Amino acid sequence: MRIVISALLTASAIFASFSAWAQSADVEGTITDVSTAEMTISLNDGQVYQAPSEFNFEGLESGVKVLVFYTEVNGTRMINDLELVE
């Protein structure tokens, strides 16, 4: 019985990580607009990405290429991480 329970717990741990991975995405693009008042960044794909409250906008301006890692929550793309593309 312990072996069956251990197997089920292991399987659920493995599949839980897949579901979290499936919900996040990334996109590469060029910034078209930065709004520090609304805490958003718009990319050339036409999408708006919401930044978290502790987000640092330093160095981000129109024309900068970025790689945005985000999670979609209730139709809003929330930034998890952002990297500058050289």
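It should be emphasised that the depicted structure is a prediction, and the values quoted were computed from it without experimental measurement.
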**Request:** Tell me, please, which residues at least two apart from Gln50 pass side-chain contact (heavy atoms from CB on, under 4.5 Å).
**Result:** Met39, Thr40, Thr76, Met78
**Asked** Looking at NZ of Lys65 and CG of Asn44, how far apart are the two atoms once the value is rounded to the nearest 0.5 Å?
**Response** 9.0 Å
**Fill in**
Sorted by chain and residue number, the side-chain contact (heavy atoms from CB on, under 4.5 Å) partners of Ser42 (sequence neighbours excluded) come out as Thr32, Asp33, Val48
**Asked** So, for Phe57 and Ala51, which heavy atoms are closest and what is the spacing to 0.1 Å?
**Response** CZ-CB, 3.8 Å
**Request:** Of all the heavy-atom pairs spanning Asn56 and Glu58, show the shortest one and how long it is.
**Result:** OD1-N, 2.9 Å
**Distance in Å, Leu84 CG paired with Leu60 CG, rounded so as to fall on 0.5 Å steps** = 6.0 Å
**Request:** Just grab all the ring pair (Phe, Tyr, Trp, His ring centres under 6.0 Å) pairs involving residues 28-54, residues at least two apart or on different chains.
**Result:** Tyr49-Tyr70
**Asked** With hydrophobic residues grouped by side-chain heavy-atom distances under 4.5 Å, do Ile79 and Phe69 end up in a single group?
**Response** no
**Item:** Nearest non-hydrogen partners of Val85 and Glu28, listed with the distance
**Value:** CG1-OE2, 3.8 Å
**Item:** Separation between CZ of Arg77 and CG of Asp45, rounded to the nearest 0.5 Å
**Value:** 6.5 Å
**Request:** Going by the side chain to side chain contact (heavy atoms under 4.5 Å, CB included) test, name the single residue among Leu82, Val64, Val68 that passes it with Ile41.
**Result:** Leu82
